[in-house]
Amino acid sequence: MSHAVIKCSQATMRNMQQHYQSYLQTKQPPGSLFTAKITGCTITAYQSRKVLFQGKQAEAEASLWREHPSTPSSHISSPSTTLDTDLSKLSMIGSDEVGTGDYFGPMVVTAAFISTQQLSHMQVLGLKDSKKLSDAHIQQLAEQIKPYITHHTLTLSNQKYNELKEQNLNQGKMKALMHNQALGLLLDKMQGVSYDGILIDQFCQPTVYFKYLQGQKHIIKDDVYFRTKAESVHLSVAAASIIARQRFLEVMQQLSASLELTLPKGAGATVDETAAQLIDTYGEAILQHYAKVHFANTNKAKARFHHN
Ligand code: MN
């Protein structure tokens, strides 16, 4: 089994933890901060800020996080994935997803277009990754930017998500399908307006992304770039993440209202508690409509319920 070890800054460690949050494992080796398992790779981050990647995809995955690109014999093959293209000043379509690490609520993907002319206006607004903004700020920014730019949002309900999961689609594939579809629908809306490229906030290797899309009728692949932390590469991704987050919050509110309680975000202990409460009141089947039932929270909630 191949492996790779990299040493990271504190900031990269935090980004990593966030990046892998839906793939975290409960069993952790001593001295580790977290262990995550994705297709082809297990990632273990240590308190020493060393991170171990194990498995077939070890080197590819590690290369996403290397702060100083190591060898010239890089694994990056197609020209659209080289890291030296400065995209920040171009007319770009960005796409990002939210809700993937939240037990309750939908998965949302937004694609948004920001032209070079619009960029400076957007800079003034102070767009950032939605994860770094308060709910109120998201709301405010989303209302400001939505009338100004062309965007398209797709929402995958919990029920549909669970159905797809039941059909053995992993979350990565769902994301890829949604990004591709959102991009296609945005391009339709843009009606031929020219753009320099498409930037996807990278959640898997580009080769894996396109493998997920195999068999799709329309595959958006020309001028597609992938970057991790893409919201800091081009504001179109930051805008997409803000619009997607606003939709997520809106649906969470609707779901909460229908249950007459507040569904918590994330996947922590409060979530287990609320899930247990729902099982208690309505029976386990209710979770199909409100939660991503394959998350560990379901079993934790059931365990909690049985102890009551
Ligand atoms: Mn993202």
Side-chain angles (χ1 to χ4, degrees), residues 16 18-25 36-43 53 55-65 75-83 92-102 106-112 152-188 197-231 233 236-237 240-241 244 247-248 292-295:
M16 252 189 215
Q18 197 140 46
H19 183 83
Y20 294 117
Q21 64 179 335
S22 10
Y23 308 98
L24 296 182
Q25 302 290 295
K37 204 175 166 129
I38 60 170
T39 312
C41 188
T42 301
I43 303 107
F53 297 82
K56 276 207 302 269
Q57 294 296 322
E59 188 49 48
E61 196 65 21
S63 68
L64 292 176
W65 299 101
H75 296 258
I76 294 155
S77 49
S78 98
S80 66
T81 59
T82 52
L83 291 167
M92 296 290 290
I93 291 168
S95 73
D96 199 10
E97 79 282 333
V98 306
T100 54
D102 297 274
M107 188 157 116
V108 182
V109 172
T110 297
H152 193 87
T153 297
L154 292 176
T155 309
L156 182 66
S157 70
N158 290 101
Q159 191 163 15
K160 187 74 197 168
Y161 179 102
N162 293 324
E163 274 170 33
L164 292 174
K165 191 73 198 152
E166 209 43 37
Q167 294 163 23
N168 275 325
L169 259 71
N170 66 31
Q171 207 193 52
K173 180 158 181 173
M174 290 186 221
K175 285 187 211 178
L177 293 171
M178 283 177 80
H179 275 271
N180 183 60
Q181 198 184 351
L183 289 168
L185 292 166
L186 177 68
L187 287 170
D188 290 347
I198 295 173
L199 179 59
I200 298 176
D201 191 30
Q202 181 163 341
F203 55 89
C204 66
Q205 283 292 305
T207 48
V208 174
Y209 175 84
F210 288 112
K211 209 174 82 195
Y212 286 147
L213 295 182
Q214 266 170 21
Q216 294 301 302
K217 229 191 198 156
H218 299 290
I219 299 175
I220 312 291
K221 57 179 186 307
D222 291 340
D223 304 309
V224 171
Y225 299 82
F226 296 87
R227 297 284 190 279
T228 54
K229 291 163 252 149
E231 69 281 345
V233 175
S236 58
V237 178
S241 112
R247 168 66 64 81
F248 176 80
K292 301 176 186 82
V293 295
H294 70 98
F295 278 31

Between K292 and G99, what is the shortest heavy-atom contact and its length?
NZ-O, 2.7 Å
Taking all non-hydrogen atoms of both residues into account, name the closest pair between P106 and T155 and its distance.
CB-CG2, 3.6 Å
Side-chain contact test, heavy atoms from C-beta onward, threshold under 4.5 Å: evaluate it for E97 versus M178 and give yes or no.
no
If you round to the nearest 0.5 Å, how far is NE2 of H19 from CG of D201?
8.5 Å
Heavy atoms only: give me the nearest L199-R227 pair and the separation to one decimal.
CD1-CG, 3.6 Å
Classify the side-chain pair T110/R247 by whether it contains a donor and acceptor separated by less than 3.5 Å.
no
Heavy-atom closest pair, residues S236 and M92:
CB-O, 3.5 Å
Enter the distance from E163:CD to S157:OG here, rounded to the nearest 0.5 Å.
7.5 Å
Just how far is it from atom CG of L183 to atom CD1 of I93, taken to the nearest 0.5 Å?
6.5 Å
Parallel, tilted or perpendicular: ring planes of Y161 versus H294, cut at 30 and 60 degrees
parallel
Give, for atom CD of Q21 and atom CD of Q18, the distance between the pair rounded to the nearest 0.5 Å.
5.5 Å
Would you indicate whether the side-chain heavy atoms of F248 and D102 approach each other to under 4.5 Å?
yes
Do Y23 and Q171 have side chains that get closer than 4.5 Å, going by heavy atoms?
yes
OG1 on T39 to NZ on K173, rounded to 0.5 Å:
11.5 Å
Set of side-chain hydrogen bond (donor to acceptor under 3.5 Å, both in side chains) partners for H218, sequence neighbours left out:
none
Once rounded to the nearest 0.5 Å, what's the spacing between atom CD1 of I219 and atom CZ of F210?
8.0 Å
Taking the side chain as every heavy atom from C-beta outward, state whether H179 and Y212 have any pair of such atoms under 4.5 Å apart.
no
Nearest atoms (heavy-atom pairs only) where G94 meets A240
O-CB, 3.7 Å
If you take all heavy atoms of V98 and A244, which pair is closest and at what distance?
CG2-O, 3.5 Å
Around K229, counting heavy atoms of other residues, nucleotides and ligands shown, do more than 12 lie under 6.0 Å from its NZ?
yes
Passing candidate, side chain to side chain contact (heavy atoms under 4.5 Å, CB included) with N180, options I200, L185, L213:
L213
Report yes if some heavy atom in the side chain of L177 is under 4.5 Å from a heavy atom in the side chain of Q216; otherwise report no.
yes
Residue pair Q205 / L64, side-chain heavy-atom distance below 4.5 Å
yes
With sequence neighbours excluded, tell me which residues meet side chain to side chain contact (heavy atoms under 4.5 Å, CB included) with N162.
N158, Q288, V293
